[in-house]
Structures are given as C-alpha cells and as structure tokens.
Amino acid sequence: MRFFIDDLPVLFPYPRVYPEQYAYMCDLKKTLDAGGHCVLEMPSGTGKTVSLLSLIVAYQQHYPEHRKLIYCSRTMSEIEKALQELKALMKFRANELGHVEDFRGLGLTSRKNLCLHPSVKREKSGAIVDARCRSLTAGFVKEKKDKGENVDVCIYHDNLDLLEPHNLIPNGVWTLDGLLRYGEQHKQCPYFTARRMMQYCNVIIYSYHYLLDPKIAERVSKEFSKDCIVVFDEAHNIDNVCIESLSQDITEDSLRKATRGAQNLERKIGEMKETDREQLENEYQKLVEGLRDQEEARQEDAFMANPVLPDDLLKEAVPGNIRRAEHFVAFLKRFIEYLKSRMKSRKVTSETPTYFLDHLKEHTFIEKKPLRFCAERLTSLVRTLELTNIEDYQTLQEVATFATLVATYEKGFLLILEPFESDTAEVPNPILHFTCLDAAIAIKPVFDRFSSVIITSGTISPLEMYPKMLGFNAVVMQSYTMTLARKSFLPMIVTRGSDQAPVSTSFQVRNEPSVVRNYGNLLTEFARVTPDGMVVFFPSYLYMESIISMWQGMGILDQVWKYKLILVETPDAQETSLALETYRTACCNGRGAVLLCVARGKVSEGIDFDHHYGRTVLCIGVPFQYTESRILKARLEFLRETYRIRENDFLSFDAMRHAAQCLGRVLRGKDDYGIMVLADRRFQKKRDQLPKWIEQAMLEVDVNLSTDMAVLAAKRFLRDMAQPFRPKDQEGISVWSIEDLRKHQAQMDEERILELQKQNEENMAEEVRRQQAKALALDDDYDMDEDDERELMEIDGMA
Amino acid sequence: MSRRATGPTTTLGTMAAPNVVPEDICPVCKRNRYLNSSMTFKINPECYHPMCSQCVETIFKTGPNQCPYASCNKTLRLKGFREAMFADLTIQREVDIRKRVAAVFNNTQDDFETLRDYNNYLQDVEDLTFSLVYGEGTERADAEAKLADYEQQHRAEIERNKKKGSDAEALRLRRQKEADAAAAARRAELLREEAEAREEEGKLNQEVMEALQRGESGNAAEIQARILAKKKAKLAKLNAEHFGPSMDNAGPRGISIRGLRQKRTGPTEDEEDRNKPYDPYAGVSLQPTRYTVQDHYENPFLEPAKEREDHKVGGYNVQEYVARAMFEAFAGLGVMVGEEKASEQRSVGTTAARDAVARNKTSGPMTTGRRQEVDDVFV
C-alpha cells in the first residue's frame, strides 16, 4: 500500500492500514519535521513497530539528509521481531519501487549471542564470553602475534581486517540469525561486523542499554551524528532503566574481591617494573599530557568501560598524585579500605555524595579530583599492563566506577548503607547502595545529542509525567485510541464482592478473611465463565503466597481446579518458563488454565497472552511498590523536592502503569478479544490514570461492580464475542484500504480547507471591519482637519 | 608531635604478611569474641600492633611498658592507644603519615601558575609520602629530613594556607548548614500546606453532608453535584496554588519565594511612591528611547571643541551639544495623532495645562485645534 503524508510517499507493507497507524505516522512526521522529541502512546497490538519503521524509512529515503534511525527496544525477542519487520518492509519497498535501495539495517546484541568462536561460544555466562573474546581480540594480542609470539587469536575477528573497513557486510537488512549465518559462511565475526558497521548503517536496532548505560554508550554509540532519529520502544519503564544504569550496590564481598584485584594489580606492576619498565614510563608520559591524547586508544577493544566523563575532564591532565601506577594502586587500596570501614557500621545511614566526599577527605586524604579520574585511570593502567583475564578486575572496576560517579555528581544521588537485609535480620550483611534518584541524568546526554527522540509504548499514561521526570520538552504528546468494529475488550472495575463487602489489598484489610474469600470467589467465578486461558496478577510475591495458602485452607483452589489448571509464577526464571509452557499446552488442548503471577514479575512484561492464551486478565489489588524501601523513599523525596511531583502521585502513577501493562497482556491485536478486570476498591479513583484506549472503553456502569454483576457482564460480553465475525465488517472502520485512506485524507483536506476558509473569512471580515473603522476614523480626521483649518484661519485672522 | 614515632618502624616497612586487626581472637591474650562480644581492639601508633582493650588495660595501666609482641621492643604508653579506623593497619599507618604530610604540604591549586605545576607538586608530595610509608632505612630518613626541612623553610606559608583552608571549611560548613535549614523549612512548609489542603477537603465534605442533612432545595443528587462542583473548583484552586509553579519552573523554588513576590506586589502605588526617593519627573524616564547617544560622532566641525584647550576652557561640553542636537532631531517623532486623540482626553486634566494649551495655540495648527475641541469637553 502506498500513500502520501503531506509530500512524503510512504510505502506500507500491508494492503490495509489501521486508522490509528495513520494518525501515528502523521504525528511522527510532524515531530521529525519539527526536529523535537515526542511521547506517543499507541495501544498494544496495533502494529506500532511497523508503522514506525515504514514512516521513518520513507522519511530517510525521501529526504536528502538520510537521517539515521536508532531503534532501541527492551528484549532480544523484540529486537529480532523489529528486524524481521524491517526486512519485510525493505523487501516490499524493493518490489514496489522496482529496485533495491541502498540500505543497510543491522541489529546489535551481546557477544554471547553473536559469538562464532568454537570454544568461546560454549561458555554460559555473558561476562566470561566477553572476557574470553577480549583476550583473543585485543589490540596488543594482535601485535604480539605479528611479532611472532605464540598467542591465541580469534580467526573470525582477524578475518575482518582483510575486508574493506566500511564494507564488511553487503547492503540489506540483517536479522541476528542472518548475521550469524553470514558470519559462519564468510568466517567473520558477526559481533564486530555489527559494531564496526554501525556508522555505515541506515537503521540500527539494539537494546536500551547501548544508549542509556553510560558505561556502554561511551563506546558503542559515540559516533552517531546529531540528526539521528532515536526511538525508545516499550518505553514505559524508561525512567527505571535510566536510574538502574547509574546506580550501584557495593557489598562486603565485592570489596573483598576488589582488594584482591588491587593486590593482583600491584603484583603485576611489580613484574612489569622488572621486565618492561618502558611501557609504564610511556603511560606515565601520556598521562602527564592529559587524557585526550589517549583518544585513539579508546577504541572498541578498550577493556573496561567508563562512565561518561564530562568533556572538560577529558581535556584535563590526570592529577599528579595518581599518575604513577603504584601511587594509583595505593590510592585504590586506601579507598577500598575506607569503604570497608564504613561497612562496619551497624546503623542505617543515608548521605549525599558531598557529605561522603567530605568524610572521605577527612579520614583518608583522598580529594575529589583524583577520585573523579579513578575509572579512567584504571582503564589506562589495565591497558598498559596488557591484562587479559579481566574478570578478576571486574569488581575493582565497579569500585572505580563508583568512585568516579560519586565524585562527578553532586545532586540527584544518594548513598544509603543498609547493614541488615531486613529489619528482623540478626546477621549483618551490609550493602552500600549508591542510588541515582534522577532519571534525567542518564538520559540527558541522549536528549542533548539527538534532535529527535521518540518515546513510545502501549501504556505510557499519563503522558505528561514522562517529560517531567526525564527533563525534556515534547513537541508532540499523543495518545491514540483503538478503533474497533466491535467492542472487543471489556474493562471492568470490581470494588465489592457478591456480599457487597469492599475488596482491596490495602495493607490494613488485605488479610481479612472476607476480603480473601471475596477475591477467591471472584477467581472461581471467572475461572468458570472464561474459556481457555486466564491470567491473574497480584501486587507482590509475598501477598500471592499468603493468599494462595489462605485459599487452600478455604477450599477455593479445589473449586478453581474443577475448571482450570492452576499454575504459579515464581522468582525462579526456569520454573516460571516451565509453568508457562504447561500453561500454553493446557490452553491449547482445551483443559484451560489459570496462571497466578506478580504484577512486577517477568510475566507481566514481555510475555503475550494473545487469543486463547489469555481471555481474562484479573488484576487483584493495586500493584504499588514496596513503600518501605529506603531507596524508594529517597527517590520520592527527591521527586518532590526537585520536580514537585507528589509522593502519592508518583506511587499511583507507577502502580497504574504496571496495572495497565498487565491488562495489555491479553489484547494483542484487533481480532483478539479479552476481559480486563481490576479488582480493588481503590481503582475507582485511579481510573483516569489508565491509558486512554482502556479508559475510553470503560463504561460508566462498569466502574463500580460487585462480583456477581461483573460475572454477568462478562457472560454477556463473551456471548457477543461468540457471534461469527467476518473480517469484512471491520473494513472502513477499524481497517482502512487505500480507498478508505484516500477518502479520509480527502476529508481531512476538506476539513482543513474549510477551516482555512473559515479562518480566512474571519480574517477578511476582521479586515473589512478594521478598514471600515479606519475609514471612519479617517473621515473623522478629515472633518476635523477642515474644522482645524477653519479655526486656524479664524485664529490667524484674529491674530 | 609524632615525628619521632614513625622513625623506627622498619619492621612494618616491608610488611610481609598483611597486618590486620584480628576479627575474633586477641593475639596477645587469646581471648575470644565468642565469650566476650563487646571486645574491641586497640593499636598504638608507635608500632601498630593490635591487642584487645583488656590487654591494654592490664599491661599499660601501671605505666609505660614494652609491647607484648615478641619481636617488638617498643615502649608504649596507655595514652597512645586508640581504636583503628581501618582494618588493614598498613592503611591505618599510611593515613596517619598522610595526615602529617598534608599538614605541611597544604598548597591548593590556586597557589600555582599552571595546572601542570600543580600536578607536578602533587606527584612530588606523593613520592615523598611513599618514601615515608614504604621506604626503607635511608630512603625514609631522607624523606623525613626533607619534610622537616620544608616545614622549617615554609612555616609562614603553611600557616597562611592552613588559615585559608580552615576559613574555607568554615564557610562551606556554614553554607551547608544554611542550605539544610532552608530545605527543612521548605519541607515543613510543604507538609503544612498539604495538611491544610486535606483539612479543606474534609471541611467541604462536611459541608456536603450538612447540606444534605438540611435538605436544601432540589433532590439529594443535585445538591451533591452542586456542592461537589464548588468543592472541585476550590480544590483545583488550592492545587493550582500548590503545584502551579512546577509547570513553569521545574527548579526547586519553594513557596517561600512566591510569598516574597506577593509581598513586593502587595503595597499600593501610593505606598510605593512614598517609600521611593523624590523624583522631580515623577517617574518619567529621560533616557532617549529611539536612539542612543554615541560617545563619538564623525564631525570635523566639533573636533576643535573637543581637543583645543581654549575651546574647552569656557566649560563647553561637546557631549551636551550632541545630546541636544539628537534630541531635537528626534523630538516629535512617535507622536501619533490617533493615539493622542485617545490619550489626550485624560492627559490634559488640569486647568494649568489647559491654559498652556491655549497659550500654545499658534505653535501647531493641527494639535492645537484638536486640543481646543478636547478642552471643550471639560468646560
């Protein structure tokens, strides 16, 4: 399907388009034209990815700037899905246009997923794969090889050097699988192919972290130009990703490992002093000159990552007291010892970085400035020492990163020391949390650097919260509703049980037998009426466990068991995936199943329950965060102080976005249908915080139901859904063919023309009125003038 | 002070085994933490040998005694014992030495011409510290000598820097305190306002109930809706007051500042006038708006007036002349007849003005005529 948006020809790889897709593309184009950021919410299962890709690719190909697209998604499977969509799109474009465009699209993921080396790829842990890969591919390894020394290298990596550096892989879209196959065929490393070709790509698809985590972003995403289009898909959780990327936890164990790392480092320096003094001397000379000169060395084979350093820091020379390797190691040891001594405290403390630095200086004479250079200095040292077994130094690196961060940022961070895991614990297990409170810090470089950043997701309400929290201005903020030919989902709020007693998971009443029983009845009733699969979300594992055991005692589970298989999500990933598999089997063979899971667990994000896998989603309780957490408390206070977001507003926003995410699980397309039940008294007031598409579908009568009424409504809804539904009925309403689209465009144009005309007319009328007024005034003036003249003459005469 | 102290610690210099504070068992009396959970360990900066506090009590209470460690022949005093901050006593010792060094070498970056000089200085100090900490025999003795030397030579400077440092520290502390106090006040204010808002809401609820009780006109639903609307409007206002400014400035500018501004706009104009110094022009700005008077104009005719003494002697000021010429050139521009018409009615309010206008009748045919007419209004 081919159509125009303004002057932009868009090729859409399907014969039909949804109205909301068209609106989405229009708004996207507006944003790109204006060169700003935007927040867009589009219901799940309405083809967000394909509309995004087809518009941006059309935009790239049509305008001469060829702005690059950086598409960030959350999980591997989403990346792969996007790549496949892109591939199909490009194929369609080639067919339509009659020629293959000069276009390259690549996906990037970790070494672990892309390695071809026969022994390295068999490693299970990502960190080990990384380390082993580095030890085979580092620059100095190659030098040694060239010198004739006997060292192991990776043939796949070295083959890349034989190719043209800007043409390692032919044009086209390469899915991760395709990339692996191509690499195997041509004996070249897929990971480094992707990394090195990134600059020569039109579209790059990778995970958030490559852009947000300052440790990685520095190396991977440095060379992109300003006019790149950055898309964050599934971005409803982006603030947490930002915060996590800058937060760090330090435990006693990690400090012990770091000490060992420092000792190793000391030994290595000693060895090197005896064998290769020159090398150390060279490094020293370089450091005297400043970090900027090492720029060329900060390449892809850089061993360890650094948190983003401000530019002015790079230009400066390393402080004199950590220039020498042995001085620096002593410095690190001192810092680690200091941290250890802090860990001995048995009191919970929370302090600002400024306070921490003062205390540090008072007791160890470590100044702020050398601390800031810590990570960079360590990287340089590790490079000089040509260390290959990096995993030994991983924790040392963490400590160095912590040092740099704590010395770099004064605001928006907090250090919290928790000596005990829980309030009742007797054995201390101290953790020093270095938490970032401000999501804007991590994402700021992205907004500063790229002119268009698009944040989009299925559930990203309330929209205005995101610009506030992430500190940017959005050109377009839009939420689209789902156009439906029939009402294919039924959102309801159940506030009372059949006995009219209110249900809620608020702390005071959550364990009351009546509430538990009413929730149990709700579950049984819905298990009875729902065909096939049913998903139930609880606010926390803890609550889920307690309520399940209470249900067991009340015999409720036995009743549910009559209708459906019961499966439970656990924190263990393997168990959960087994449960999911069983769940799917049970749904497919007609037994039906109910999956009990947690609103913040793995299942709630990223696992789809389309069609018969999920006909009802039951959200028991508002999924608030655990509010007693000190980190959360600190963040709430920060949000309140800095962004004027009230604690309750944020908590409720956060709970509702998770609830919406859970509800969105069952509806993955227009031919899908499902029931969404929110079972808590408190949902009634939070209704307006749901995404627009859910809120609009919620009827006024459905917001304050008791269990029996909800079941009735569900029965009626399911009976409606059971009626035969022909795809043809949707056409023109929720699905547009090209004619419908043209019609719509014509209508829009007409409306715009009408509006313009109206405006014009108004303007004209205004103009006419003004002119009349003017003429009147002028007339008056003339009159007066005449009078004046007469008078003047009189005066003159008199004079 | 303790310069002598670090002198003969050669045994620790090499540090074959890491010298750490023991976790559970006192190396001297072999007491166990299991039996005495409040056991603490102490060290003496003479030799940094850890022992439990009970040992310290029993051995040194009666006076100076020899260190109980077999190979150590230091004489220690009770006074010197303290608890170590760091478990690794090498570090503890290093920090103690650093403390001494930092007291002597206390220059800051501002004291140096270039950053490189400063960095070199830092490195020199670090080298010296290293010799003191890890150096052996002569190396350390040399370092000691150097340190003493430097201290001797730069005593005045060190004192000065010390004072400067402590001043800066005091200032910083004060600032910190102020900031903390302000934050606390802000928080309290916010809490108070929130409580007020809640109270207000409660009151409105109460009103609804009362109105319902009284049985005001219309049915219950109507009353409720009406009062609810009222309540919503009020609440919205309250909320806007609370969180309004967050929209325009996300910065942490608190309520206190808003309050300030209100106070400033509060007093009426009269009051403000009274508070101001007397202004003969009553606030009319004499600053030219349509042009700016330059310092210098290309004008050969004016040159002598500027330069020659005999021209200047009479007090002739070129600047004055230029300003006047410019004023005359621009005078009258920007006088719009249409606007005049509107404003005139108000402006010529006094009889004196009217007289003046009448007197000026001849000067401008157009305006005067109109003024005549305008004046009639007041007659």
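Proteins come first, then strands; the chains are lettered A, B, ... in the order of their sequence lines, and each starts at number 1. All values below come from the heavy atoms of this structure, side chains included, with hydrogens, waters and symmetry mates left out.
Across every non-hydrogen atom of A/Asn321 and B/Leu122, the tightest pair is N-CB, 3.7 Å.
Rounded to the nearest 0.5 angstrom, B/Met85 CE and A/His363 NE2 are separated by 5.0 Å. The CG atom of A/Asp358 sits 7.5 Å away from atom CG of B/Leu173, with the distance rounded to the nearest 0.5 Å. Between the CD atom in A/Glu326 and the CG atom in B/Asp127 there is a gap of 8.0 Å [rounded to 0.5 Å]. Of the inter-residue distances, the one linking A/Glu367 atom CD with B/Thr108 atom OG1 reads 9.5 Å to the nearest 0.5 angstrom. To the nearest 0.5 Å, atom CZ of residue A/Arg323 and atom CG of residue B/Asn119 are 5.0 Å apart. The distance from the CD atom of B/Glu194 to the CZ atom of A/Arg646 is 5.5 Å, given to the nearest 0.5 Å.
No other option in B/Ile91, B/Asn120, B/Val125, B/Asp124 has as many heavy-atom pairs under 4.5 Å with chain A as B/Ile91. Ranked by non-hydrogen atom pairs under 4.5 Å with chain A, the options B/Val101, B/Thr129, B/Leu115 are led by B/Leu115. Of the listed residues (B/Gln176, B/Glu169, B/Glu126, B/Arg172), the greatest number of heavy-atom pairs within a distance under 4.5 Å of chain A belongs to B/Glu126. Interface summary for chain A: among B/Arg98, B/Arg116, B/Gln109, B/Glu94, the most heavy-atom pairs under 4.5 angstrom belong to B/Arg98. When each of A/Lys344, A/Glu337, A/Lys340, A/Glu464 is scored by its heavy-atom pairs under 4.5 Å with chain B, the top score falls to A/Glu337.
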Does B/Val95 form a side-chain contact (heavy atoms from CB on, under 4.5 Å) with A/Tyr338? I'd like the steps, not just the answer.
CA-CA 10 Å; B/Val95 167; A/Tyr338 170 77; over 6 Å; no
Apply the test side-chain contact (heavy atoms from CB on, under 4.5 Å) to residues B/Arg186 and A/Glu641: give CA-CA distance (whole Å), side-chain angles for both, the deciding distance (0.1 Å), then the verdict.
CA-CA 9 Å; B/Arg186 205 166 54 228; A/Glu641 293 263 297; 3.0 Å; yes
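Both the backbone and the side chain of A/Arg334 come within contact range of chain B, with heavy atoms under 4.5 Å apart.
Heavy atoms from other residues, nucleotides or ligands lying under 6.0 Å from CZ of A/Arg346 number more than 12. Counted within 6.0 Å of CG on B/Asp180, heavy atoms from surrounding residues, nucleotides or ligands total more than 12; the atom is thus considered enclosed.
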